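Written below as structure tokens is the structure these notes are about.
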Amino acid sequence: MVKDSSTKRSIPWIRLSMLMVFVGAIIVIAAQVLDQKLHYVGEDVVPGPIVPGTQYPDEKFTGIDVPQPINFSHKIHAGDNEINCMFCHTYARRSKVSGIPPLSKCMGCHTVIATDKPEIQKLTAMWEKGESPKWNKVHDLPDFVHFTHQRHLKRFLFDNEELDVSDAKRVCSMCHGDIAEMTVAKKSRPLTMGFCIRCHEANEGPSDCTKCHK
Amino acid sequence: MSSLFGNILKGWTDYTKGIEEGGHHKYEHMWGMVIDLDKCTGCNACSVACYAENNIATVGEEKYKARQSMQWLRVERYFDEPDIDPGAIDDENAMQERGASFLPMMCQQCNAATCEPVCPVAATYHTPDGLNAQIYNRCIGSRYCANNCPYRLRVFNFYSYTDEDGAWPEPMKQQLNPDITVREKGVMEKCTFCIQRIRAAKDKAKMENRKVKDDEVKTACQQTCPTQAIMFGDLLNSESKVTQAWERQQVKLGKYKQDRENPKLRGYRVFEELNTDPSVLYLERVREE
Amino acid sequence: MANHRKQNHRIFGLFADFEQAFEVIAGIRRYEVPGITVDDVRIKSPIEHPEIEDILGERPTNIPKFAFVGGLFGLVFGFFFLAGAQANFTVQPQGGKPVITIPSNLVLAYEMLILFGVLATLAGFIIGARLMRKRGPFYNHAVSLDQIGIVVERIDDTQRQQVRDLFARHRVIDVFEETV
Amino acid sequence: MSQSKLDRRQFLKGLGLGGAGVALAGCDLPSYVTLEQGEENVISYLAPDEYVIPGVGVWYASTCLGCAGGCSIHGRVREGRVLKLEGNPDSSVNMGRLCQMGQATLQSHFNPDRIANPLVRKNGSLVEASWDDALSLINEKANSGKAAWATGAISGHQRVVVETHLSAIGGSNHYAIEQINANVWQTACGDIIGDPNPEIHLDKAKVIFSLGADFLATFISPVHFAAHYGEFRSVPRGTLIQAEPAMSLTGGNADHWVGIKPGTETSLALGVANALMNKHGISGSGISNATKSLINEHDPATAASICDVPADRIEKIAASLAANSPSIVLAGGTATANANGYSAAAAALMLNQILGNIGVTITSGRELAYPQLGLIEGNSANLKDLAVDANKGKIDVLFVSGTNPLFLAPKSIKMDEGWNKIGFKVVLSSMLDETASAADVVLPLASSLEDWGSHIPAYSTGTRNLALQQPLMEPVFSNTRGFGDVVLGLAKQAGAPGLDEYDDYYGYLRSAISVLKKTDSEKEWNSFLMAGQTPVPSLGRKLSYIDGKISQTANTATDGGLTLIASARMGMWDGRGANLPWLQESPDQISKVVWDSWAELHPKTAKSLGIKDGDYVTIKSSNGEITTRAFIYKGIHPGAIAVPIGRGHSALGRYAKNNGVNPLFILDGGVDAKTGEIATAATRVEVKNAGKNKPLAKLMEIDRQHGRKLVATISADKQRITEGGT
Amino acid sequence: MSEAALKHLSETQTKDIDENIAWAKINQDVLRSMENPRRGYWIAMAISVALFSVMIYAEVYQYMYGMGAALLNTSHMWDLYISTFVFWIGMSHSGTLLSAILHLVHADWRKPIYRFAEAMTTFSLMTAGIFPVIHLGRVWNFYWVMPYMTDRGIWPNFRSPLIWDAFAITTYLTSSVLFLYIGMIPDLAICRDNTKGWRKKLYTWLSLGWHGDDRQWRNFRITYLMIACFLIPLAVSVHSIVSMDFAMAIMPGWHVTTFPPYFVAGALYSGCAAIITLFILLRYFFKFEEYMTFPILDKVCKLTFVIAMVWTYLNLVEFASVWYGHDIPSKEVLLAKAFGPYAPFFWGMIAFGMFLPFTLLSKWARRNMKFLFVVSVLLNVGMWLERWMIVTPTLSLGYHPWGWNIMWPGWVEWAMVGGSFGWFGMLFLIFVKVFPCVSMYEVKEMVFHRKRTIYEDVDEMMVLHKGAPTAAEAGSTNNGGS
């Protein structure tokens, strides 16, 4: 029975408009709650290797395999032999860059250890020639980003009474992933600005642009 | 969604606080400067030091002539003395009796900066250090900020200076300061009070769990100034020399008109009356009449 | 009552003379065809006839309400959107100005009001005017040119003849019928 | 030793130079593009010292060779690159401050136009050669005939090796050439008060009356004097009176700037002395009658007429000198750059004498216990001598380093003819300047930031220090060698005795200093390097005033035309700054012109000549003409036209070449009567409008403040009321 | 049309429209105007495309060499780009605003001309939108001014008038396109019924199945009314916001309270002038003498004159407020405009903008096509100069004397300005061939209602008393359609 005339139909306009206002308001409130959860509550943030007292977004990223002059195995060093990250990357706690260990450091052990391995022989050859290997940067931030390892280590490792220096691995893995399971390092976190920002918000890090951009 | 609506319900009043608190946040520092125009000899060392410290491009004669120069710190020179001898400059036959007047002008780091609100992408904003920051990688080059700067102290990368025929042919590239981004074409830039030095000092202080000491931060211009006409420090630190100098001159931040019981004091801020509230205090030049 | 009848004929008359067409409506209004009310009449015209509407009776539209709601939503959403964005973007205090600046947000919310208002109006138009669906029966190009058509719906055989006569009396040019 | 040298070099092997490349990727691409992997390289250290940390700057002390001042500097080294120079706060020369030339030394170090390889002249043109070829060529040519060395100001052990080499190749003449110097003043001081380099205490003075001495920019040790000027200006504030024909930087900062007729400074000084004696009852103690009579001839009115200065101005000067003691009177720059230069200096000292400043603000300096290490300041008289001797054929082999005679020499002294008469010319230089490009062999030098050396600063108070110069980074151009190394090598191959034990200059320097300091411990040595300087024994002098040196005050002839003043500027200096973009683009302090020369004219003169600002003017002297653009202002005497020295190179790299004009070319041969200094402020020139106009590239297009409160000026009296001081 | 005929027409044509014009003829004329373009059309198109391609070249050049290519400098960070932007925004105001206002006041003489006026609005907006983008130093990041969500949690700065511009222009463009389109739907239906091939497909799709029954007409009328109501405040706000780019700034000569109304008036002014220009062109090229009649032109001219006077008044107010104010820098800027190096352009603006409109007072002028054409173009030149004189002199004479210098735009900037006209022309030329540039149905309404007003009494009599009319009466009331 198609009797078409809008006179018959009457829509509750006032109520509808009120509804719209509520929708707007509810969206806002919902956003508040969601916001609280995302930024300030740790549950729905999956932590990597636990760093006590911190939450950070555990975003995965599959980097490309970057070839290196010497096929250095983090697994053997950091993983199996549990050498502290900062034993080789010794500058991390003193400088903005973590630094590549100087050749002398490698030779410190490898004059005696595993000298028969081909890679080590490569290394030794270089040392004798007095030239350093030309490593390729894996975790390479844009040049307008000034990240400092020093401060982050202080915040998460040295000022963290639940950790001691031997747990450096955990802190490093926040941004570098589980390097101890890799041979040559491979990017396993996005390291985008969003990644940084979320972590800074979750751990009340500074939100001032000039901390990183100058 | 979260970052769409966020937490406006929390501390709404915080967010709507006005100028009297200087924005919503607590200032960690308020970096300020004092420049004694009587000591300044206009020798330009500061300007060159600034070029060296901050990777500023040299543009060459033609572009300089077209007023596309890039200096962050310019030492202006005037030949008239309105306060002592107004008529002198108009007398064709007279001599330049009392020399010239020199004025080093770097970004005044205004606390009510006119450049900040107009930036469409918030590339320039006020830091908790009381600095007027410029985030190069956010800048889209609308140049509104420079138009709105009464001091004309913002410079724009009208060209790209990074290629081989630019400002740094090899091996000059090697001199570039890694702590500072090299600006690409289409980006606004300006004096930052050597923010990289401030950052370094603050990080150092944090590593040692202490506050930044007075004189721990020296800007490039201040450090090189042969007559030490430039003083730099934290205006929130009551011990700092700068704070004392400001108090001695009875000049206060947040005012566009200073009420001083002694009008003969030498301290003044350029274009203070525009209520830009600059952080650079100049001490009047002194000359025998 | 008209709406209880089962008849389902439609008749469509095409008139060259607008005055005559109005006469037909006037006639129907004077119940010259028993059982047919103006509610059963629709006209198709190349131009709009505000003056016919008082004859055809008040037939309100919902468009203003669409506009109202749309505008209101634009205003609310606009303001909260901006305020929320600013509140999240707290790294940009500027020259001692508050983070959420009412005046500028009002300016922008005002623009949003108009934008959503206009969009809602368009939606209202498309819904209310039954656009973007199959074109109705009896469409004739002449209507888009210079002739006016009158559709009388829901009539039975007896009324059909009477309507035809009514049309004829007012010099109808052409008559179409159909049964649905 | 060589071992420690290896270590020294070792740490400089950086984390690669990726840093610069990195920074240059710039900020214009969205971040996800620059978040790249494996695009950039890192070269790790080999075996770094403990204190070397990538990403953290290390400061190394060295010495600035921007001018003869010898300021101590700290260089910030990061990832093996020197990034920034600052003054060394411990230095008694510059107290941690630095001038623009010091800052810009970096660019002479990283300059793209540096010579990378030795050059040897083969059938007319310079072609690259290996060091061995170059040295062997020198070896066969150099030892035959009369040899000579031409250097700039030189001191310390470089001087020693140079002289060793000179004697080894049987030469005797060592021409130390510095266009910008205080030779006249220093000679006068030597003659009159018995100390060529007395200590000048600007900070103690209440009034400085300077006859053309541009102590803020070009006088002996600018940074040092500028630092003292700062104290001089702080409460109690002193008064600076500057008398000179064309405004220098110091004049620009004067309380009273007296635009005086060129060459009449002596008369002004005498006039002031006259006023002092007759009006203010200053007794001319120790003044000979001859001088007294000279003074009496110059009552203020006469002096005024001679100097073209209002008489009351002279009275005023005398008054403030009399009222505020101690004061100090200096002479230099334009005042001493004319035939009467010496008497101007003498007159200045006479004023100091009658004002009783000698021993108060002018006190005795100390002289080095080892004169062979002392600084040879160098002067332009030597330039003339070089030309003359060369023309006389007295020179067959010439070694040049640290100076640029072909650029500095006026045409009138016929340097280029002389140069061509010289049989064999070796130039040691890091830049291919005019002289180098006219040489037979060019040996590429390391920059001053890559080299070892020891220097005696031109001026310092208290104990004399030996300023140490050490490399701040690996050579940018690997095939360059340090000055010391080269000269040492030359000396060795010339058979100089006792050098064979040193395999390089570092070894020589180190052992020499250890002898000097009587210690050979690594620790001591490192402490010297850390301090950047080390005190050396010195003997005091005592001052005694000998009068009667004011010979005559006759003024240069005032025939038609103007007096050309080749003014010295901090920045371009004597031309060595012209290849540094930072200095080219840093505006001149007074005219604010960049990237070009200009000719200063007084508006009155300009009007009479029909010249407007930015007009091209042709300046014609008896020795040719130059054309540059006019800058019209009132900081110059109407009878003078001033063109700055330093631009107008025909070589010296992309930034300097064909940029501006060189006023030195057209100087006539006039010299200072006593010292033989080339008179740069005494050449008569014809000036006419060349008919073209193109505004100068300037920082300022305006000269006045247009009612804005930009530079507010308060009168000194008011300032004294609020801030004290007399 | 011949000279004599034109002259004759200009004397005889006294009615807005001849109500006895046959409806079929209306359709024919308008549809004809959309078909087989003639040579003149192709020439115009060629010129437009040429200009536009020059603009493209200039933009590429500027993109590669940086903004320096435009000879901008430290004092003149903005120049022609922004002034031309303001100019085009101004252009965009006439169409919509006039159409909407006149619609609300039931001025039916707008009906033959509002269509192309609204098209002009849309296209000048699309032109204006180009400029803020090309004047960016890093144009490839222009989208950063849009408030979109990003994981960086950064947003545009909503305080910035430039962002207000972005919002306002987007809104205005959307709304005015809709206004234009909705007003066009019945005509599109007509086109649908009278074309074939791709055009038929297009119009079928666009006309949304319009079949003109009373329900559609009713909704249509209300919709149109509503959008008109929305557009009037919108149009006003848009140009006020554009004016705030300047009024919100601190610079002397920009920081003026009267700028918003001043800009709006200027916008209407230039818009009306542009309407006159296009009116004459269309009338000439498409032989629309019967629709775009002299009386209508006459009305437009009078309107233009009135608005011109409003603008003049506000202009003088601005001068006065600066002159009697105590802000020395602003006063300096004013003096520099009048007597400085930019003086010729300033006085040109005064002459064209303030004095030329007085010629519109004479009937002869209002009836003389050629003369009017020249005048209307000159008025717009004046308005363009006005925008330039707002932007540039202030920048050459700011607070700090260091920044004082004179700067003349280089070829790049001129190419962009010229190219913008090419772009506009291109769009407009395409429009007139694809869409009816005279509203057919509304002209019909116009005719119809004018007739009804004449025969009203007769109708009354017939309907109420006599019943069916006689053949004779019917003939007399025949609307000439069949």
Side-chain angles (χ1 to χ4, degrees), chain B residues 1-4 6 59 63-71 74 76 78 103 105 114-125 135-161 184-188 270-271 273-276, chain E residues 63-78 82 132 135-145 147 149-166 245-246 248-252 254-255 329 391 394-395 398-405 407:
Chain B
M1 201 60 198
S2 68
S3 64
L4 175 57
V59 300
K63 294 186 179 123
Y64 201 103
K65 179 132 186 29
R67 300 182 70 83
Q68 294 164 339
S69 56
M70 303 288 296
Q71 76 278 353
R74 57 171 193 256
E76 295 166 11
Y78 297 98
L103 176 70
M105 276 292 242
T114 50
C115 52
E116 283 168 358
V118 297
C119 174
V121 293
T124 177
Y125 74 102
I135 307 301
Y136 307 122
N137 46 311
R138 176 65 173 167
C139 178
I140 59 172
S142 78
R143 307 193 294 292
Y144 201 167
C145 52
N147 269 351
N148 212 18
C149 173
Y151 306 89
R152 287 280 176 262
L153 280 164
R154 287 174 158 265
V155 292
F156 185 70
N157 286 270
F158 285 106
Y159 302 89
S160 174
Y161 298 105
E184 253 301 339
K185 75 164 184 273
V187 175
M188 188 64 66
V270 176
F271 294 154
E273 65 277 12
L274 297 181
N275 196 11
T276 52
Chain E
Y63 169 82
M64 289 168 68
Y65 290 90
M67 294 308 291
L71 300 190
L72 300 171
N73 67 23
T74 305
S75 318
H76 293 85
M77 289 291 186
W78 291 356
I82 295 302
H135 106 294
L136 289 182
R138 297 205 293 168
V139 65
W140 51 95
N141 287 336
F142 72 95
Y143 61 91
W144 285 359
V145 303
M149 286 174 70
T150 150
D151 68 340
R152 305 173 192 167
I154 47 183
W155 293 89
N157 170 19
F158 298 109
R159 292 175 191 76
S160 168
L162 287 184
I163 293 292
W164 305 355
D165 279 350
D245 287 350
F246 305 99
M248 289 275 166
I250 194 175
M251 300 306 291
W254 283 4
H255 192 67
V391 174
T394 285
L395 292 179
Y399 278 106
H400 197 307
W402 179 85
W404 292 2
N405 76 319
M407 168 257 187

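Lettering follows sequence order; numbering is per chain, from 1. Keep in mind the model is a prediction, meaning the values are calculated, not measured.
Counting all heavy atoms, side chain and backbone alike, B:Pro150 lies closest to E:Ile250 at CD-CG2, 4.3 Å. Nearest approach of E:Trp144 to B:Cys139, heavy atoms of both residues: CZ3-O, 4.4 Å. For the pair E:Pro161 and B:Tyr144, the tightest heavy-atom approach, listed with the atom from each and the gap, is CG-OH, 3.8 Å. Residues B:Ile140 and E:Val145 approach most closely at CD1-CG1, 3.6 Å, considering heavy atoms. Between B:Phe158 and E:Leu72, the closest heavy-atom pair is CE2-CB, 3.6 Å. Taking both residues in full, the closest heavy atoms of B:Lys185 and E:Tyr65 are given as CD-C, 4.3 Å, listed atom of the first, atom of the second, then distance.
Taking the six-membered ring where the residue is Trp, E:His400 and B:Phe271 present perpendicular rings, their angle passing 60° and hence far from 30°.
With sequence neighbours left out, the salt bridge (Lys or Arg N to Asp or Glu O under 4.0 Å) criterion links B:Arg67 to D:Glu701. A search for salt bridge (Lys or Arg N to Asp or Glu O under 4.0 Å) contacts involving B:Arg74 returns B:Glu76, not counting sequence neighbours.
Side-chain atoms of B:Arg152 never come within 3.5 Å of backbone atoms of E:Gly403 as a donor-acceptor pair (strictly under, hydrogens ignored). In this structure, the side chain of E:Arg138 does not engage the main chain of B:Val187 through any donor-acceptor pair within 3.5 Å.
With chain B as partner, the option from E:Pro252, E:Pro147, E:Pro401, E:Gly137 having the largest number of non-hydrogen pairs under 4.5 angstrom is E:Gly137. Per-residue counts of heavy-atom pairs under 4.5 Å with chain B were compared for E:Ser75, E:Ala70, E:Gly398; the largest is that of E:Ser75.
With a 4.5 angstrom heavy-atom cutoff, B:Thr114 touches chain E only via side-chain atoms. Only the side chain of B:Met105 comes within less than 4.5 Å of a heavy atom in chain E; its backbone stays farther off. Interface residue B:Leu274: backbone and side-chain heavy atoms are both found under 4.5 Å from chain E. If you measure heavy-atom distances from E:Met64 to chain B, the contacts under 4.5 Å come from the backbone alone. E:Ile82 does not touch chain B: none of its heavy atoms, backbone or side chain, sits under 4.5 Å away. At a 4.5 Å heavy-atom cutoff, the contact between E:Ala69 and chain B is made by backbone atoms alone. In this structure, chain B has no heavy atom under 4.5 Å from any part of E:Asp165.
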_B:Arg143 vs E:His135, side-chain contact (heavy atoms from CB on, under 4.5 Å): CA-CA, chis, key distance, verdict_ = CA-CA 9 Å; B:Arg143 307 193 294 292; E:His135 106 294; 3.4 Å; yes
*asked:* Could you walk me through whether B:Asn147 and E:Trp254 satisfy the side-chain contact (heavy atoms from CB on, under 4.5 Å) test, starting with their C-alpha distance in whole Å, then the side-chain angles of each, then the deciding distance to 0.1 Å, before giving a yes or no?
replied: CA-CA 11 Å; B:Asn147 269 351; E:Trp254 283 4; 3.9 Å; yes
*Begin from the C-alpha positions of B:Phe156 and E:Met67 and carry the test side-chain contact (heavy atoms from CB on, under 4.5 Å) through to its verdict.*
CA-CA 9 Å; B:Phe156 185 70; E:Met67 294 308 291; 3.8 Å; yes
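Distance check: E:Asn73 CG to B:Tyr64 OH gives 12.5 Å after rounding to the nearest 0.5 Å. Of the inter-residue distances, the one linking E:Trp78 atom CH2 with B:Ser142 atom OG reads 7.0 Å to the nearest 0.5 angstrom.
Under the 6.0 Å cut-off for aromatic ring centres, B:Tyr151 and E:Trp402 do not qualify, their centroids lying 6.0 Å or more apart.
E:Met77 has its side chain out of reach of B:Arg154: every pair of non-hydrogen atoms, C-beta onward, lies at least 4.5 Å apart.
Evaluated for a side chain to side chain contact (heavy atoms under 4.5 Å, CB included) with E:Ser160, the options B:Pro120, B:Cys119, B:Pro117 yield exactly one hit, B:Pro120.
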